[in-house]
Asks: 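Handing you this structure, nothing more for now.
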Amino acid sequence: MKNKYLYIETFGCQMNVHDSEQMAALLADSGYKLTDNMKMADLILFNTCSIREKAAHKVYSELGRLSKFKEQNPDLIIGVGGCLAQHLGTKFHKRVGHLDFVFGTHNIHRLPEMVASAQKKRGKITNVDFHKSLNSIGIYAPPVNGSISAFVTIMQGCNNFCAYCVVPYLRGREMSRTPEDIIEEIKKLVDCGIKEVTLLGQNVNSYGKYIDNGVNFAGLIKRIAKISGITRIRFTTSHPRDLSKELIDCFAEEEKLCEHIHLPVQSGSNRVLALMNRGYTVEEYRVKVDHLRRVCPQISITSDIIVGFPQETQNDYQETIDMMEKIRFDSLFSFKYSERKGTVAQKFTGKIEECEKLRRLKQLQVLQDKYTLEKNTALEGTRLELLVEGKSKNLESDLTGRTSSWKIVNFKGKQKLIGELVNVKISKAYLHSLRGEIIEN
Ligand code: 5AD
Ligand code: SF4
């Protein structure tokens, strides 16, 4: 039988990256081999994002290019999944004529069935219903040969309804997998050589709230830490309001829990935080940051900030700048507010002009670059432990690894070190990476 090839283009967050891995695993069972060459694909999947307008535009323009492919090869199957697909549903077929199927965030498990129907040319397919079952998040994706890190989805959905955010509408309500399921998956991954797991969910630290088994997120971490073979545990993303004392203490007590937390603050103004429906004040956020740094002095703290939220005054913006000065994040993802259909903020008055949003964003990013470089420079001369991930992207002869604090370090070393923990001395700091020299043990 002729080989069939699958090409997947992934947009958006780590959750989507992992969903794509699950799609590839499911379709491997139907005989599809992954290719990174779109031209040789028999099946093309776009796993889409719609968190901001820009992400959605990118999807449309890339999808538009595929009509040529379909003209040249009428047997080519094209499907779109992910958040934008969930949002548009059948409208996606109207917008992009050459799609065979559209599937939402709760329907990944139905992919083989959709592909089979498309092969039989049974007309346009749309599956965007929400399900109460965990079918679409517990799919096992065997790691690619040689990889040492893997994502593990522990929950999906969000109940927070931040005023700007489409996620609760597109991923549905919070649903957690059972600890037994998660642990079984991690043990399987360990048997395939995985040493580091990143626990994924829209709001990981509210894990377990809606399952009746007495395990919360801190409890889950403690159980995962007992699995031999796992050397590092990471998680993303957590909500500051749900960051419990017990979870903070895990950073001191659990050796395997990496010294990094991504803790999106979104704004430094209490007025804006309230408008955003975030459920905490800047002061409460700072108390948690202080606590984290007290129990784990080396911890790196990264965050997300939105500028130009409706009604954000120059004074509110200045409060964000002041907060950044006081907290000094290790790095920051910052965004201009992007209006999303169906969200509460869409109806707010006091929208900020694009050019003003851009001005605020640029100024904030310049400031953060300064802090990031300062943080990285402070590591020069120190000794750090790395998990070696592979060859460096910039220079083939270099290896690259990550510190527990999530910083990238490039260094010279033998290929056999890939997958190992090594110690390096940091020789030079840059904005986006560090340079290290290996220390012989
Ligand atoms: N506009 C701009 N940024 C957004 N984010 C989420 N929704 C929006 C929006 N409508 C940002 C938040 C979130 C990150 C993943 O994306 O900062 O933490
Ligand atoms: Fe969106 Fe807020 Fe939920 Fe994060 S916590 S996914 S920002 S609604």
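Just so you know, ligand 1 is whichever comes first in the structure, and atom 1 is the first atom listed for that ligand.
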Asks: What residue and heavy atom of the protein are closest to atom 1 (N) of ligand 1, and at what distance?
Replies: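 Going by distance alone, atom 1 (N) of ligand 1 is nearest to Ser338 N, 2.9 Å.
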Asks: Give a yes/no on ligand 1: does Glu339 have at least one heavy atom closer than 4.0 angstrom to it?
Replies: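 The answer is no: ligand 1 sits nowhere under 4.0 Å from a heavy atom of Glu339.
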Asks: Suppose we measure from atom 18 (O) of ligand 1 to each protein heavy atom; which comes out shortest, and what is that distance?
Replies: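 Atom 18 (O) of ligand 1 sits closest to the protein heavy atom Asp304 OD2, 2.6 Å.
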Asks: Looking at atom 8 (C) of ligand 1, what's its closest protein heavy atom, distance included?
Replies: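 Going atom by atom, the protein heavy atom closest to atom 8 (C) of ligand 1 ends up being Tyr164 CD1, 3.7 Å.
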Asks: Gln266 to ligand 1: N or O pair under 3.5 Å?
Replies: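 Yes - when backbone and side-chain N and O of Gln266 are compared with those of ligand 1, one distance drops under 3.5 Å.
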Asks: State whether a side-chain donor-acceptor pair under 3.5 Å links Tyr164 with Gln266.
Replies: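 On atom types as modelled, these side chains qualify, holding a pair under 3.5 Å.
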Asks: Classify the side-chain pair Asn47/Ser20 by whether it contains a donor and acceptor separated by less than 3.5 Å.
Replies: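 Yes.
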Asks: Hydrogens and angles aside, do Ser338 and Glu53 bring a side-chain donor and acceptor to less than 3.5 Å of each other?
Replies: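 Result is no, nothing qualifies.
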Asks: Could you tell me, atom by atom, which parts of ligand 1 come under 4.0 Å of a heavy atom of Arg340?
Replies: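 In order of numbering, the contacting atoms are 10 (N).
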Asks: Whether the Asn127 and Glu113 side chains hold a donor-acceptor pair (N or O, under 3.5 Å, no angle test) is what I'd like checked.
Replies: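 Side chains of Asn127 and Glu113: no pair found under 3.5 Å.
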Asks: Just wondering, do Asp398 and Arg435 contact through their side chains at under 4.5 Å, heavy atoms?
Replies: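 Yes; the side chains approach each other to less than 4.5 Å.
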Asks: Give the atom numbers and elements of ligand 1 that come within less than 4.0 Å of a heavy atom of Ile306.
Replies: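 By the 4.0 Å cutoff, the relevant atoms are 3 (N), 4 (C), 5 (N), 12 (C), 17 (O).
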Asks: Taking only heavy atoms of Lys336 into account, list the atoms of ligand 1 that are under 4.0 Å away from them.
Replies: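 In order of numbering, the contacting atoms are 1 (N), 2 (C).
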Asks: Whether the side chain of Lys226 engages the backbone of Ile221 through a donor-acceptor N/O pair (distance < 3.5 Å, no angle test) should be reported.
Replies: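 No, because the side chain of Lys226 does not come within donor-acceptor range (under 3.5 Å) of the backbone of Ile221.
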Asks: May I ask you to identify the nearest protein heavy atom to atom 3 (N) of ligand 1, giving residue, atom name and distance to one decimal place in Å?
Replies: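 Going by distance alone, atom 3 (N) of ligand 1 is nearest to Arg52 NH1, 3.4 Å.
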Asks: Using the six-membered ring of Tyr280, assess whether NZ or CZ of Arg241 lies under 6.0 Å from its centre and within 45 degrees of the ring axis.
Replies: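 No, Arg241 does not lie over the aromatic ring of Tyr280.
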Asks: Going through the distances and angles, do Glu356 and Arg360 end up as a salt bridge (Lys or Arg N to Asp or Glu O under 4.0 Å)?
Replies: CA-CA 6 Å; Glu356 176 57 16; Arg360 292 181 191 181; 2.7 Å; yes
Asks: Going by an N to O cut-off under 4.0 Å, is there a salt bridge joining Lys357 and Glu312?
Replies: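 Salt bridge between Lys357 and Glu312, a charged N being under 4.0 Å from a carboxylate O: no.
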Asks: Heavy atoms under 4.0 Å from ligand 2: which residues qualify?
Replies: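 Contacting ligand 2 under 4.0 Å are Cys158, Asn160, Phe161, Cys162, Tyr164, Cys165, Val167, Pro168, His239, Arg278.
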Asks: Inspect the contact between Arg286 and Asp290 and indicate whether a charged nitrogen and a carboxylate oxygen are less than 4.0 angstrom apart.
Replies: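 No.
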